[in-house]
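Data first, discussion second: the structure below is written as structure tokens.
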Amino acid sequence: MIKEPDTLMLIGFMGAGKTTVGREIARQHHSKFLDLDREIERAAGMSIAQIFKEHDEDYFRRIETQVLSQAQTFNGVVATGGGVVERAQNREILKNSPATLVYLHGNLESTISRLLAEGQRPLLQEKSTADFFQLWEARDPKYQEVANFTVETVGKTPQRIAAEIVALFSANEDELAFLALRSQIDAFDRQLFDIISKRMEVVLAVANYKKKVGMSVSQPTRMSNMRAALKVDYAQNPNISDEFIDELMTILLETAMKREDEEMQRG
Ligand code: S3P
């Protein structure tokens, strides 16, 4: 059961948003916030980049273990570093921890775009794309192993993720699995809307092309061909019926045509 914890610890890959979400939970929940990476820098007397440059990853990990042990009784929200689950010793500390551990789970695309926006991490700089992907895959089961709860972050704002986590404190045991599934559904919805928005951008590019060549907005043959092709491609999928394809395509096409018309009238 996730009760309102004395210590809430966020784990997850670099770029998962642990620090941002952690600060936001602390703000929404009026609690204190501790960033383990900053504690490591304080203990070492230098920045993380410097630790990796002047020493090595092993040296960094040893300080990380010390700082992690001390953080177990911190009264508030703790953001850990992405590699905290690397050492078996740390995983033991986490599994026996009185803290509640929440895994912020993203996907590779969301992780990379956050990292690009935020700037570099030492481990990112020295890794090839293949190594990075391998690290991402290898760590996922380690986070799962120690986490009390997994929150799906893809497409969600830090505020929404924080609110989902705060809501866990009032949930009972039975509700937790249900809330974890809902967390996934909410992320899918956001991904759907992101894709629909991207689709609309392409629709507008199509509208501009049609205008340039003097084509009419509505192309009935193309539309019925689109539907027919979708029905063939999804014929074996019991979740996507012909009726669903018709209903969704009607919504998408009507909305797109309205938007195209607006765009064309605007000049
Ligand atoms: C690391 C992640 C970093 C930091 C260090 C190592 C890792 O923390 O602890 O660069 O091994 O993934 P963030 O997860 O906050 O980026």
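In this chain, numbering begins with 1 at the start of the sequence shown. Whatever order the structure lists them in is the order used to number ligands and atoms, beginning at 1.
A salt bridge between E260 and K211 is absent, with no side-chain N of the basic residue lying under 4.0 Å from a carboxylate O of the acidic one. For the pair E201 and K198, the salt-bridge criterion is not met [side-chain N within less than 4.0 Å of a carboxylate O].
At least one N or O atom of R139, backbone or side chain, sits closer than 3.5 Å to an N or O atom of ligand 1. Residue K18 has at least one N or O atom closer than 3.5 Å to an N or O atom of ligand 1.
If you check which protein heavy atom lies closest to atom 11 (O) of ligand 1, you get R61 NH2, 2.6 Å. For atom 5 (C) of ligand 1, the nearest protein heavy atom (residue, atom name, distance) is F60 CZ, 3.7 Å. With hydrogens left out, the protein atom closest to atom 1 (C) of ligand 1 is G83 N, 3.9 Å, a heavy atom. With hydrogens left out, the protein atom closest to atom 16 (O) of ligand 1 is R121 NE, 2.4 Å, a heavy atom. The closest protein non-hydrogen atom to atom 2 (C) of ligand 1 is G82 N, 3.5 Å.
Residue contact annotation: E86 has no non-hydrogen atom under 4.0 Å from ligand 1. Residue-ligand proximity: R114 is placed with every non-hydrogen atom at 4.0 Å or more from ligand 1.
Formation of a donor-acceptor pair under 3.5 Å by the T7 side chain with backbone atoms of F74 is found in this model.
Between F13 and Y143, the ring-plane angle classifies as perpendicular under the 30° and 60° cut-offs. Taking the six-membered ring where tryptophan is involved, the planes of H105 and W136 are tilted, since the angle between them lies from 30° to 60°.
Near M14, meaning under 4.0 Å from any of its heavy atoms, are these atoms of ligand 1: 12 (O), 13 (P), 14 (O), 16 (O). Interface atoms of ligand 1 facing I48, defined by a heavy-atom separation under 4.0 Å, are 10 (O).
There is no side-chain donor-acceptor pair under 3.5 Å between S183 and E152. Side chains of Q28 and E24: a donor on one and an acceptor on the other come within 3.5 Å.
Within the set D37, T111, I11, the minimum heavy-atom distance to atom 3 (C) of ligand 1 is found for D37.
Taking CZ of R87 as the reference point, atom OG1 of T65 lies at 4.0 Å (rounded to 0.5 Å).
Contacts between R38 and ligand 1 below 4.0 angstrom, taking non-hydrogen atoms only, are absent altogether.
Under the salt bridge (Lys or Arg N to Asp or Glu O under 4.0 Å) rule, E86 has a single partner from R139, R91, R61, which is R139.
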